[in-house]
Each structure stands twice: as C-alpha cells, then as structure tokens.
K.L.:
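Have a look at this one before I ask anything.
In this chain, numbering begins with 1 at the start of the sequence shown. Worth saying up front: this structure is predicted, and the values here are computed from it rather than measured.
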Amino acid sequence: MRFFQQDNQLCFSHRGELVCIEPWGNNALRIRATRYQTFTNQNKALEEDIVHSSPTISIQEDNTASITNGKIKLSINAKGVMTYYKDTQQILQEYFRNYDDSVSDESICLKLEGRMYKAIVGGDYAATVRFNADPNEHFYGMGAYQQPYLDLKGCSLELAQRNSQTSIPFLLSSKGYGFLWNHAGTGTANFAKNYTEWKADALKEIDYWITVDDSPKQILENYTNVTGKAPHMPDDLLGLWQCKLRYRSQEEVLNVVREYHKRNIHIDVIVIDFFHWTRQGDWHFDPTFWPDPKAMCDEIHSYGTKVVVSVWPSVDRKSENFEELYDRGLLIQTEQGAAQTYDYQGDCVSIDITNPEAQQFLFDKCMKNYANVGIDMFWLDNCEPDYGVYDFRNFRYSIGTALSCTNVYPKLMAKTFYDGLQLAGKKDICQLVRCGWVGSQKYGALLWSGDVNSTFASLRDQISIGINMGIAGIPWWNSDVGGFMTKNVNDPIFHELLIRWFEYAVYTPVLRLHGDRGPHDIEPLTNLDYGGGYLYTGHANELWSYGKDVYDILFAQLQERWQLKPYLKQIFEEAHTDGLPLIRAMFLEFPNDKICWETEDQYMFGDAYLVAPIYAYGARQRDVYLPTGTWKEVHTNKQYSGGQFVSVAAPLEYIPVFQKI
C-alpha cells in the first residue's frame, strides 16, 4: 500500500485500486476510487464552482494517513480502511471483515471489505460500498419513495427513477453529517441494522461526498453550495394552480378560466395536460380542438393567469418527427429486441435528452409550437423517463448505458428548458417536472410526487415525501391535490380526502388541483384513434365541482393561502439564498429536541408555522407535538406552551396549524 499527496489530494494505491480524497466545499471531502489508472474527471452532481481549500494532510511512517478539511477528518489505516470524524468524534467507518482484528472483533474469514468491485464481462464494474451501522442513527432525505417513513433507517431503496419515485441519493444523518452518492446510475441503498450499503450496477469509479457541521441547516447549506440552489420563485405563482386530466379543447379551458373570473377567484396558472397533441412526439396542439391557441392564451392572460402545457419525451412511430429523430440517432436505444421504450397509447421511443442535439431539437419545437403562441411555462411530464418495462439493462443513451447514468435524465430535461429559456431572455423560470436528480433545483424545477393514489394512505405518504425531498435539496415541491387516481368522483370519502389534501397543500410550496377523476364514463370527442379528442378524460376538478359544502371549505382555504403570500415570498427567498426547504423536518428548526427527530407526521413550514395534517377519514382531532416556546393555533387563536403533546380539534373545515410566537 502506497500513500502519496497529489496537489490538495491525499491518495493511495493498493492491489490495483486507486483512491483519492480531496476537500470539496465547506467541512467536506470528496472520495473517489477506481480500478482504472485514472479518474474520469467528471464532477457529476458536484457542478457548482467552489473555492478549493488547502487541507491538512498527514502521511505516517506506520503506513497510515489522514486528511482534514475544517471540521471533517478522514483517517486511513494500513489496510486502507477509512474512518471519518466530526472534529474528534467518530461518525462513520468503512465496513471491514478481512484479516484485521484491530478493525473489528468479528470473524476475519468473511473477506468483506468496505469497497468491493464486481467485473462486468466486457464492460466496467458493479461496485459496493459498505459502512458500519449504528443502531441509534437515523437517516433522512433520498428523494421521493411512496412510503410513510421519514426516518429511512432500516429501509432498502432502489436508486432508480420511476413514475412517483424520485431518487436523489443524498442523506442527512442524525450523527451530524450529510452523504451524497455521486453516481447517476441504478443501484440500491440499504440502511440496515448490520451495515449501511450503497450498490451501483455499473460504473467506472466509486464517487461520494461527505460533509459535517454543527446543525442540520448548516449541513444542507454545505450540500446546496456544491450542488446548486433554487432560483427566485416568481411571485405570481403562489396562489392556485388549476389542473385536471384533461382539458380536451381550448373551449373547455376557456370555459373554466371564464368561470373562475366570473366568480372573482383568481387562478395563477391553468395547466393543459397530455394528449392535446396529434401524436406523441409532434409537440404541438391538435388544430381540430385547439384551432387558435394564441387567441386562447391572449384571453387567459387578460385575466392575469399563466398557461402551462404538458411536454412528454415519448415519440410515437407515427409522429411527424419520428423518422428524423431516428435517423439522426436522437432517440434512446434498446440493447435487445424491438426499438421501443414506451407503449402507453402508442408504439413509442423516448427522445435521448442526454444528447445535446436532441435537447436543441425538442426545445426548438416547443418554442415554435408553444411559446410562440403564448404558452408561458412547460410541464415536463413522464420525464423519468417512463418506460414500458423498467428493465434498465436494455436501454442506452448517448452518454452511456442506462445502468450507468439513467437517473440524470429528468435533471437534463429540466436543464434543457431552463438554459434555453434563459438564452431566449426569459426570467423567473419555473417548470413543473415529475422527476429529478441531485441539482435539479437550480434549473427552476418544481417537482411533484407523480401519479399517486387518491387514498388517505397516499396522503400520509406525501407528508414524509415532502419533508425528505426538501432534505434532498428540492425546495420547490408539490403533490396532486386529492391524489391522481380517483375511482369515484362522487364518493363522499373522496370529497373528504380532497378537502384534507387541499388543507395540507395550502401549507406546501405550490397549491395545485390535479387528478384523473373517475369513472371514465365521458364520451370522447372523436371516434379517431389519435389526436386531441380521442382519449378519455376525467370528471370536472374545479373548486365548485364537488358541491357547495366542499366548495365553501376549499374557497376559505384558498383565502388562507392568499394571506400567506408575503410569508411565502420570504421562505422561497430563503430557499434561494440558503438552500433551505420550505417544508422542514421538525429537527431542522429544533435540532436539540430528541422528539423532533422522531416525529414523522408533522412539519415546519418555514420557521414560523407548524403544520399537522389530517390523513385519516373521519378524524376530527389529533395529537400534535409542540417544541419549546409559545404557540398559537391560527384558526382558533388559542395559545399553548411548548415542550408537550397537545390534543387539538381538527374539524373538517381546517387542519391544526400553529404559529410560533
């Protein structure tokens, strides 16, 4: 084993492996390891410009070494085992069970090491990185997984993008560190009782980043300093976004906007969903049902409302653009079988957004056919990308196999439109995106949780997802109010769910009504098998669509949202400047309160409001934990002393929300 210093890096080589550690940001280190002679020199998620500090590097005669950058220290023993410290406290150590009693008292015959490689025949490596587990440690972040768990200790997570799953491999530990798995390929993360394990299906080098600091907020700031912060959120997007699956014609859209105007209810945004086009991949309106989109946009703009249109990456073989994209090699390739990646309502192949030529092609089409007629914003849907079969072994992009890089796809989709709109002179860019990766936040990406069920269990999941997305660096986040997949729009249980979801969404970054409101018993507009009129549509999904009792509650809640606008501007600005989420785990504001680390079904909205959603049918009260301080329930004005659990009323008209005073 040989240690050496290279510029500001501590490196060592051992049995065919090269490892280099270097300072990367505040109180942070980047660790790379490979079995090749050199590294790829790709920064991946670590794209932000930083000032590279001069670390303290020590190489000892006993064949040990260490590197220190601020509060973080990494020591390496003679076996190559790495141990991490925050100041003098050990926080993390590689798992090692291979002939070294000084590292572990367990069996020395397992031949398991902290970094292990498995050759891919004819290719690169699969790799595993393991760390010793601490049974008292808690993990948070990692993006969106449809489960109720805020604390991810004990969870096994797929590192892959799917509809309603967003993999962002950054975690925050209760032991005072943040860890980024700097790899965009597929794999798994296992936070088990016996060890913590990160597995990659295909890579050229192991690459991860770790930071320490004195508070969770400071750790998140260190993380967003190296991966990016959200831009300014436009002030005119903080009210109601109106959406449904799906408005089938410009007349349907105009009738909805006119009715809102007639009722003197301002909507900030109206969203035009999928299959307004002739075929997937045409990226323009079907002129039969959208004969004059410019006139439509002009009228909507006169009411002070912005127009959003859905863009999918899928290209039907019958699309007017398919042959050109196929001939130019701008579509995702399959390794075996037919050239098909997606089969919803067509025989489709998705555009390869990793290819700069494909990026330009898609953006130019959308500018010509949408922006030039008045469309203000883009809804980048289906951009995981959605696959007919999630067999990542069978897909290849211009930058590599799906196994090695697929998770970056939704981030590059957001970047394509953000960069293009900036070059076109657009300011204050916001785009609704169904998926993302590390750093998506800096491209104006407003993520949502995908096509989730319209159930109370699903509502419960969104609470944890919203918190963990914020910890993963995504402050702009929302969910479909009422859930996406509704079986019976007339079910009183669904009406209550819609109300509770709306009340919760008032205290999330964006308030957006959306959903497929079943049953599908509405006749299509045409008997053709393509175009903007053939596909089914859900039932009405406007504030007034569910009867007067529901309408009165939703309208009162919307007024509550409007009153929050000055505060919303403030916390959106904190996201931009400090990298802080709007939806905050309780421990972000109260890191010294043990109960706040264990409380999973309530959260802080900024630093001033504590929100306790109702996620059970028929519930009319709930227990809420109030940290130290004085708290006022905003609907009753009743004050409570903190440091205790309180049982409070939760009538159908509102959920418990407390203001810190």
Side-chain angles (χ1 to χ4, degrees), residues 236-237 239-280 282-312 320 345 365-366 368-379 381 432 480-482 484 486 489-490 512-547 551 554-555 558:
D236 55 0
L237 301 181
L240 178 64
W241 293 42
Q242 176 59 51
C243 187
K244 65 163 278 189
L245 186 142
R246 63 189 179 90
Y247 299 120
R248 300 172 294 173
S249 69
Q250 70 180 60
E251 196 60 28
E252 288 185 358
V253 170
L254 287 171
N255 285 339
V256 168
V257 177
R258 289 164 182 162
E259 181 63 23
Y260 271 109
H261 182 68
K262 178 181 176 182
R263 292 172 180 260
N264 200 28
I265 301 174
H266 179 73
I267 53 172
D268 288 2
V269 175
I270 184 91
V271 183
I272 299 170
D273 204 346
F274 67 1
F275 287 84
H276 59 268
W277 46 67
T278 43
R279 292 192 187 276
Q280 293 177 73
D282 286 351
W283 298 304
H284 64 67
F285 288 102
D286 179 350
T288 301
F289 301 101
W290 309 82
D292 194 348
K294 185 179 186 307
M296 173 190 71
C297 290
D298 288 345
E299 180 176 345
I300 294 172
H301 292 156
S302 74
Y303 304 128
T305 298
K306 290 187 175 181
V307 191
V308 178
V309 73
S310 174
V311 174
W312 282 21
E320 63 191 41
Q345 301 292 329
K365 289 289 183 181
C366 290
K368 176 184 177 181
N369 297 329
Y370 293 132
N372 286 352
V373 299
I375 296 299
D376 301 287
M377 300 157 60
F378 295 103
W379 177 3
D381 202 352
L432 189 60
D480 294 347
V481 169
F484 180 74
T486 311
V489 75
N490 298 310
R512 182 177 56 88
L513 270 173
H514 184 54
D516 180 8
R517 302 300 179 229
H520 294 152
D521 56 4
I522 299 173
E523 290 294 321
L525 296 177
T526 178
N527 59 4
L528 298 175
D529 62 353
Y530 67 94
Y534 92 92
L535 193 65
Y536 62 86
T537 183
H539 286 263
N541 190 47
E542 290 71 55
L543 288 183
W544 55 83
S545 302
Y546 303 96
Y551 172 79
L554 298 186
F555 182 63
L558 178 58

K.L.:
Which heavy atom in T278 sits nearest to a heavy atom in P287, and how many Å separate them?
P.N.:
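Residues T278 and P287, closest heavy atoms: CG2-CD, 4.2 Å.
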K.L.:
Are side-chain heavy atoms of F274 and L245 found at a separation under 4.5 Å?
P.N.:
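Yes, at least one pair of side-chain atoms sits under 4.5 Å.
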K.L.:
Rounded at 0.5 Å granularity, tell me how far CG in D273 sits from CG in L535.
P.N.:
9.5 Å
K.L.:
Is there side-chain contact between K368 and H284, with at least one heavy-atom pair below 4.5 Å?
P.N.:
no
K.L.:
Locate the shortest heavy-atom distance separating Q250 from D292; write the atom from each residue and the value.
P.N.:
OE1-N, 2.9 Å
K.L.:
Kindly state whether the ring of Y370 and the ring of W277 have centres lying under 6.0 angstrom apart.
P.N.:
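No - the distance between ring centres of Y370 and W277 does not fall below the 6.0 Å cut-off.
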K.L.:
F289 versus L525: any side-chain heavy-atom pair under 4.5 Å?
P.N.:
yes
K.L.:
When you compare the side chain of S310 with that of V271, does any pair of heavy atoms fall below 4.5 Å?
P.N.:
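Sidechains of S310 and V271: no contact.
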K.L.:
Any heavy-atom pair between the side chains of Y536 and P524 that's under 4.5 Å?
P.N.:
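With C-beta onward as the side chain, the pair stays apart.
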K.L.:
Measure from the side-chain N and O atoms of D381 to the backbone N and O of W312, and report whether any donor-acceptor pair falls under 3.5 Å.
P.N.:
no
K.L.:
Got a donor-acceptor contact below 3.5 angstrom from the D282 side chain to the E320 backbone?
P.N.:
yes
K.L.:
Take L432 and R512 through the side-chain contact (heavy atoms from CB on, under 4.5 Å) test and state the conclusion after the steps.
P.N.:
CA-CA 11 Å; L432 189 60; R512 182 177 56 88; 3.9 Å; yes
K.L.:
Checking side-chain contact (heavy atoms from CB on, under 4.5 Å) for the pair E299/R258: CA distance, chi angles, key distance, verdict?
P.N.:
CA-CA 9 Å; E299 180 176 345; R258 289 164 182 162; 2.7 Å; yes
K.L.:
Go through the side-chain N and O atoms of T486 and R517 and say whether any donor and acceptor fall under 3.5 Å apart.
P.N.:
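Present: a donor and an acceptor within the cut-off.
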K.L.:
Salt bridge or not for R246 and E252, using N-O below 4.0 Å?
P.N.:
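Salt bridge absent between R246 and E252.
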K.L.:
Which distance, rounded to the nearest 0.5 Å, do you find between the CD1 of I272 and the CZ of R248?
P.N.:
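The CD1 atom of I272 sits 14.5 Å away from the CZ atom of R248.
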K.L.:
Looking at H261, I'd like to know if its NE2 atom is crowded, meaning that more than 12 non-hydrogen atoms belonging to other residues, nucleotides or ligands lie closer than 6.0 Å.
P.N.:
no
K.L.:
Do the non-hydrogen side-chain atoms of C243 and L513 ever get within less than 4.5 Å of each other?
P.N.:
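Side chain of C243 against side chain of L513, heavy atoms only: no contact under 4.5 Å found.
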K.L.:
Would you check if the side chain of H539 reaches a backbone N or O of P519 as a donor-acceptor pair within less than 3.5 Å?
P.N.:
yes
K.L.:
Are Y534 and F275 packed together at the side-chain level, in the sense that at least one heavy-atom pair is separated by less than 4.5 angstrom?
P.N.:
yes
K.L.:
Determine whether the aromatic ring centres of Y247 and W290 lie less than 6.0 Å apart.
P.N.:
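Not under 6.0 Å, so no.
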K.L.:
To the nearest 0.5 Å, what is the distance between CH2 on W241 and CD1 on I270?
P.N.:
12.0 Å
K.L.:
Side-chain donor-acceptor pair under 3.5 Å between S545 and N541, yes or no?
P.N.:
no
K.L.:
Could you walk me through whether V309 and W379 pass the side-chain contact (heavy atoms from CB on, under 4.5 Å) test, one step at a time?
P.N.:
CA-CA 6 Å; V309 73; W379 177 3; over 6 Å; no
K.L.:
What's the shortest heavy-atom distance between N369 and W283, and which atoms?
P.N.:
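Looks like ND2-O, 3.0 Å.
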K.L.:
Going by atom types alone, do H301 and D376 pair a side-chain donor with an acceptor below 3.5 Å?
P.N.:
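Note: H301 and D376 side chains meet the donor-acceptor criterion.
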K.L.:
Could you tell me whether D236 and K306 have a side-chain N and a carboxylate O separated by less than 4.0 Å?
P.N.:
yes
K.L.:
Are side-chain heavy atoms of F378 and V308 found at a separation under 4.5 Å?
P.N.:
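Counting from C-beta outward, F378 and V308 never come under 4.5 Å.
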K.L.:
Could you tell me whether K244 and E542 make a salt bridge, using a distance below 4.0 angstrom between a side-chain N and a carboxylate O?
P.N.:
no
K.L.:
So which heavy atom on L543 is nearest to which on Y260, and how close?
P.N.:
N-OH, 3.2 Å
K.L.:
Just by distance, no angles: are the side chains of H514 and Q242 close enough, under 3.5 Å, to form a donor-acceptor pair?
P.N.:
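Judged by distance alone, the side chains do not pair up.
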K.L.:
What heavy-atom pair brings Q280 and Q345 nearest, and what distance separates the two atoms?
P.N.:
NE2-O, 3.4 Å
K.L.:
So, for V257 and I300, which heavy atoms are closest and what is the spacing to 0.1 Å?
P.N.:
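V257 and I300 have their closest heavy atoms at CG2-CG1, 4.2 Å.
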K.L.:
Looking at Y551, is R263 sitting on its ring face, NZ or CZ under 6.0 Å from the six-membered ring centre and within 45 degrees of the normal?
P.N.:
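Judged by the rule, R263 and Y551 form a cation-pi pair.
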